[in-house]
Amino acid sequence: MLDLKFIRANVELVNQAICNKNEKADLGIILALDDKRRKLQFDFDQLKAKQNQVSQEIAQLKKNKQDASELINQMGAVAEQIKQINTDLSEVEKELESALLFIPNVPHASVPVGKDESFNRYVREWGTKAEFDFTPLEHLDIASQNNLLDMPRGTKVTGSGFPVYTGMGAALERSLINFMLTFHVQKHGYEEIAVPFIVNRKTMTGTGQLPKLENDMYHIEEEDFWLIPTAEVPITNIYADEILPLNKLPIKMVGYTPCFRREAGSYGKETKGLQRVHQFNKVEMVRFVHPDDSYTILEEMVNNAEAILKALGLHYRVIELCTADLSFASAKTYDLEVWAPGAGRYLEVSSVSNFEDFQARRAGIRFRDNDGKVKFVHTLNGSGLATPRTMIALLETYQQADGSIRIPDTLRPWIDLTI
RNA sequence: GGAGAGGUGGCCGAGUUGGCUGAAGGCGUGCGCCUGCUAAGCGUAUGUAGGUCAAAAGCCUACCGAGGGUUCGAAUCCCUCCCUCUCCGCCA
């Protein structure tokens with residue numbers, strides 16, 4: 001959510017941002033509502049002040065055993081007015097609030113402006129594409145040769161896009177999660193956290209998934225709960241509606257959760273095997289930082305995510321997203337794309353974003369600065385990493401001529417190869 | 001799921017015959033004074049948000065779990081919901 005005062009003072013800038021993000025939102029309505037709100041607030045305050053004052057007088061009269069009925073009669077009308085204005089005011093506030101929730105975050109000035117992904121900016125790459133003296137297979141074939149996955153049975157028990165990992169496949173999946181969590185804790189100083197996989201509406205709104213992405217998520221009607229699409233949601237909202245002491249910042253947490261995404265409308269679009277699934281595992285890094293530091297830390301987090309790919313010896317490239325590719329809440333995002341030799345494509349395995357104070361304002365996450373003022377923190381998060389495409393790259397990169405897979409050294413301590 | 005108790009400021013804790021209570025008192029914290037140091041002591045300050053203002057100060061308004069109601073006026077009365085604790089039932 002953007003600051004109303006900021007919108008008021010930067011209408012052009014915000015409109016441009018909406019346009020660059022390929023979003024649709026009407027600032028005119030918001031400004032009109034804001035105007036209306038302030039007028040109503042003013043009237044309300046005036047009448048309330050009068051009511052408070054006269055109520056004192058009434059109390060005084062009654063204390064002195066004098067007649068107050070005239071004043072009481074007078075105030076009946078005032079009370080009516082107050083009630084009416086209050087109703088109008090709540091109505092306007094509600095409309096304003098919900099309109100505001102549809103305004104996207106403003107991209108950082110350094111973000112390339114562009115109308116589609118072709119405007120994304122290549123930043124750097126690490127390693128080289130693996131070469132083979134045979135034709136490399138795709139992950140599904142490798143998985144089937146080694147009994148690592150059972151997609152049909154996943155479809156049977158739930159539906160398409162719900163993978164079943166079997167035997168060594170399941171062990172490999174588990175080892176990846178374990179390795180990544182421990183790596184971030186030990187090498188990067190993150191605090192490990194385990195959070196609920198189901199959250200309420202307020203939490204889903206706090207990080208910006210609701211109200212806009214309602215149809216992309218799994219909903220539990222009975223309690224109005226939602227299955228999380230990323231650990232970012234529960235972890236970021238941990239400190240919702242709190243004022244953190246300055247010395248608690250920066251906070252850096254890492255957690256593993258499954259992620260649930262309906263992926264509505266993406267059928268047939270690169271959905272083969274593990275490429276795009278409805279449930280997958282992800283290790284997520286989340287930081288709460290002082291506004292002055294957030295862009296330094298964004299770079300640091302990209303490095304943190306890269307470190308995992310380096311440790312696994314997987315070739316990847318770093319991409320800076322253009323405005324159109326930025327998510328609703330993000331001000332700046334880097335994607336990490338890993339090379340999958342079998343598929344012959346780069347696959348997105350991590351997205352690292354700075355949300356500045358956008359999520360903090362929605363969720364009410366603040367801190368007290370050195371000057372004694374209460375301010376919003378900046379929140380950032382990044383995958384470190386999502387497992388399915390990491391697994392694809394792993395299988396395809398480390399496949400052998402005989403059809404087996406060589407487990408990279410880094411993962412060996414985390415997996416029992418004797419079974 | 002059933003029965004009972006309760007939700008007040010950073011924390012503890014008064015206030016429930018409705019009326020100078022944004023809220024006593026205590027703790028904590030900031031600043032100042034005092035004393036070799038520390039401790040103690042003394043003084044003083046210490047919520048958030050909205051509005052007004054160029055800004056600050058000041059002033060006004062809201063907020064005692066959330067939302068509604070009664071009333072001239074509600075932390076205090078009524079209703080609904082949420083949460084916490086204790087006991088019972090059920091279950092990993």
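Since we're looking at a predicted model, the values are computed, not measured. By convention in this document, chain letters (A, B, ...) are assigned in the order of the sequence lines, proteins followed by strands, and residues within each chain are numbered from 1.
When the nearest nucleotides of RNA chain B are assigned to A:Lys63 and A:Gln53 by heavy-atom distance, the more 5′-ward of the two goes with A:Lys63. Residues A:Asp3 and A:Gln60 both approach RNA chain B. Their nearest nucleotides, taken by heavy-atom distance, put A:Gln60 toward the 5′ side.
A:Phe367 is linked by a ring-ring contact (aromatic ring centres under 6.0 Å, His included) to A:His290, counting only residues two or more places apart in sequence or in another chain. Every residue meeting the ring-ring contact (aromatic ring centres under 6.0 Å, His included) condition with A:Tyr239, not counting sequence neighbours, appears here in chain and number order: A:Phe288. Residues passing the ring-ring contact (aromatic ring centres under 6.0 Å, His included) test with A:His108 are A:Tyr295, sequence neighbours excluded. Every residue was checked against the ring-ring contact (aromatic ring centres under 6.0 Å, His included) condition with A:His378, not counting sequence neighbours, and none meets it.
When ring centroids are compared, A:Phe328 and A:Phe358 come within the 6.0 Å threshold.
Rounded to whole Å, the separation between the P atoms of B:G73 and B:C81 comes to 27 Å. Only the C1' atoms considered, B:U8 is 15 Å distant from B:U48, to the nearest whole Å. Comparing the P positions of B:C83 and B:C78 gives an interatomic distance of 22 Å, to the nearest angstrom.
With respect to A:Leu326, the side chain to side chain contact (heavy atoms under 4.5 Å, CB included) criterion is satisfied by exactly one of A:Asn20, A:Thr333, A:Asn22: A:Thr333. Across A:Lys375, A:Lys373, A:Arg368, a single residue satisfies side chain to side chain donor-acceptor pair (under 3.5 Å) together with A:Asp371, and that is A:Lys375.
At whole-Å resolution of the value, CD in A:Gln46 and P in B:U61 are 10 Å apart. B:C60 atom C1' lies 13 Å from atom CG of A:Asp43, rounded to whole Å. What separates NZ of A:Lys373 from P of B:U46 is a distance of 16 Å, to the nearest Å. Counting to the nearest Å, the C1' atom of B:C31 and the CG atom of A:Asp371 are 17 Å from each other. Atom CG of A:Asn247 and atom P of B:G10 are 17 Å apart (whole Å). In this entry the distance linking CG of A:Asp241 with C1' of B:G9 reads 16 Å, nearest Å. A:Leu244 has its CG atom 13 Å from the C1' atom of B:G10, to the nearest Å. Computed from coordinates, the A:Arg38 CZ to B:A49 P distance equals 18 Å when rounded to whole Å.
A salt bridge links A:Asp35 with A:Lys39; the closest basic N to acidic carboxylate O contact falls under 4.0 Å.
A donor-acceptor pair is defined here as one N or O able to donate and one able to accept, closer than 3.5 Å; no such pair exists between the side chain of A:Asn146 and the backbone of A:Leu148.
Of the side-chain N and O atoms in A:Arg368, one or more sit less than 4.0 angstrom from OP1 or OP2 of B:U48. Put simply, A:Arg366 has no side-chain N or O that comes within less than 4.0 Å of OP1 or OP2 on B:U48.
The aromatic rings of A:Tyr256 and A:Phe197 stand perpendicular to each other, their planes meeting at an angle above 60°, with 30° marking the opposite boundary.
Using a 4.0 Å heavy-atom criterion, one finds that A:Val374 contacts the sugar-phosphate atoms exclusively. Within 4.0 Å of A:Lys5, counting heavy atoms only, lie sugar-phosphate atoms of the nucleic acid but no base atom.
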Sugar-phosphate means primed atoms, P, OP1 and OP2; the rest is base. With that split, encode nucleotides 62-79 of chain B 5' to 3' as B, S or - using protein heavy atoms under 4.0 Å. S-------S-BS------
RNA chain B in dot-bracket, Watson-Crick or G-U pairs under 3.5 Å, [ ] crossing, | other strand? ((((((((.[[[..)...(.....]]]((((((.......))))))((((((.....)))))).[[[[[..)....]]]]])))))))....
